[in-house]
Novice: 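Just dropping this structure here.
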Amino acid sequence: AEYAEVEEAGQLARLAENIGCFKVIEDVSDYEDVGRYIGDNNNCYALHPELEDYFDFNGFGEHIAEEYGGKFVGGNFIYNDTDTSLLDILYQDKPMTMGEI
């Protein structure tokens, strides 16, 4: 609810119904932690260990936040991992599921 800045109970219900749209990275404190986590845990962004000294993990974490609507909440980082925007989720008339048009 804090991540989405929910304003009413209906929005909270829609957020709960679409909880699968969001990913949580636990116990991170900055963008560098986010960038390292994504690089280590997402095959699309796998980085050879020999290149880690030359990679800007902080900048990459900032990119993830911007691209996926990520925010730090309570010592964690939450981001939307789908094509459905947070606004669409909060203001939709009925719950959407992945793959629904």
Novice: Going through the distances and angles, do Phe57 and Glu52 end up as a side-chain contact (heavy atoms from CB on, under 4.5 Å)?
Specialist: CA-CA 8 Å; Phe57 287 101; Glu52 288 185 3; 4.0 Å; yes
Novice: Under 3.5 Å, side chain of Asn76 to main-chain N/O of Val24, donor-acceptor pair present?
Specialist: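 Side chain of Asn76 to backbone of Val24, a donor-acceptor pair under 3.5 Å: no, none is there.
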Novice: Does some side-chain heavy atom of Leu47 sit less than 4.5 Å from a side-chain heavy atom of Asp40?
Specialist: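 Contact flag for Asp40/Leu47 side chains = no.
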Novice: Can you confirm whether Tyr91 sits close enough to Gln11 that some side-chain heavy atom of one is under 4.5 Å from a side-chain heavy atom of the other?
Specialist: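 Yes. Closest side-chain heavy atoms under 4.5 Å.
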Novice: Let me check something: do Val34 and Val73 share a hydrophobic cluster, defined by ILVMFWY side-chain heavy atoms less than 4.5 Å apart, either directly or through other members?
Specialist: no
Novice: Looking at Tyr79, I'd like to know if the NZ or CZ of Lys23 sits under 6.0 Å from its six-membered ring centre while staying within 45 degrees of the ring's axis.
Specialist: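 Cation-pi check for Lys23 and Tyr79: fails.
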Novice: Could you check whether any side-chain heavy atom of Cys21 comes within less than 4.5 Å of a side-chain heavy atom of Asp81, counting everything from C-beta outward?
Specialist: no
Novice: Taking atom CD of Glu8 as the centre, report whether more than 12 heavy atoms of other residues, nucleotides or ligands fall under 6.0 Å from it.
Specialist: yes
Novice: Are Asp88 and Thr84 close enough that a side-chain donor and a side-chain acceptor fall under 3.5 Å?
Specialist: no
Novice: Between Asp27 and Tyr37, is any pair of side-chain heavy atoms under 4.5 Å apart?
Specialist: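 With C-beta onward as the side chain, the pair stays apart.
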Novice: Can you confirm whether Leu86 sits close enough to Phe22 that some side-chain heavy atom of one is under 4.5 Å from a side-chain heavy atom of the other?
Specialist: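 Sidechains of Phe22 and Leu86: in contact.
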Novice: Show me the pairs that pass side chain to side chain donor-acceptor pair (under 3.5 Å) and involve residues 56-67, at least two apart or across chains.
Specialist: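 Found Asn58-Glu62.
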Novice: Where do Thr82 and Asn80 come nearest, in terms of heavy atoms and distance?
Specialist: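 Between these two residues, the closest heavy atoms are OG1-OD1, 2.8 Å.
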Novice: Write down the atom of Leu12, the atom of Val6, and the distance for their closest heavy-atom approach.
Specialist: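 So the minimum-distance heavy-atom pair works out to N-CG1, 3.6 Å.
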Novice: Is there a side-chain contact between Ile64 and Phe77 (heavy atoms, below 4.5 Å)?
Specialist: yes
Novice: Group every Ile, Leu, Val, Met, Phe, Trp and Tyr by side-chain heavy-atom contacts under 4.5 Å, then state whether Tyr31 and Ile78 land in the same group.
Specialist: no
Novice: Between Glu2 and Lys71, is there a side-chain heavy-atom distance shorter than 4.5 Å?
Specialist: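 They are not in side-chain contact.
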Novice: Linking I/L/V/M/F/W/Y whenever their side-chain heavy atoms sit closer than 4.5 Å, directly or via other members, would Val28 and Tyr68 fall into one cluster?
Specialist: yes
Novice: Honestly curious: do Tyr45 and Leu51 fall in one hydrophobic cluster under the side-chain, below-4.5 Å linking rule?
Specialist: yes
Novice: May I ask you to decide if Arg14's main-chain N or O and Asn18's side chain share a donor-acceptor pair within less than 3.5 Å?
Specialist: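 Yes, Asn18 side chain to Arg14 backbone: donor-acceptor pair under 3.5 Å.
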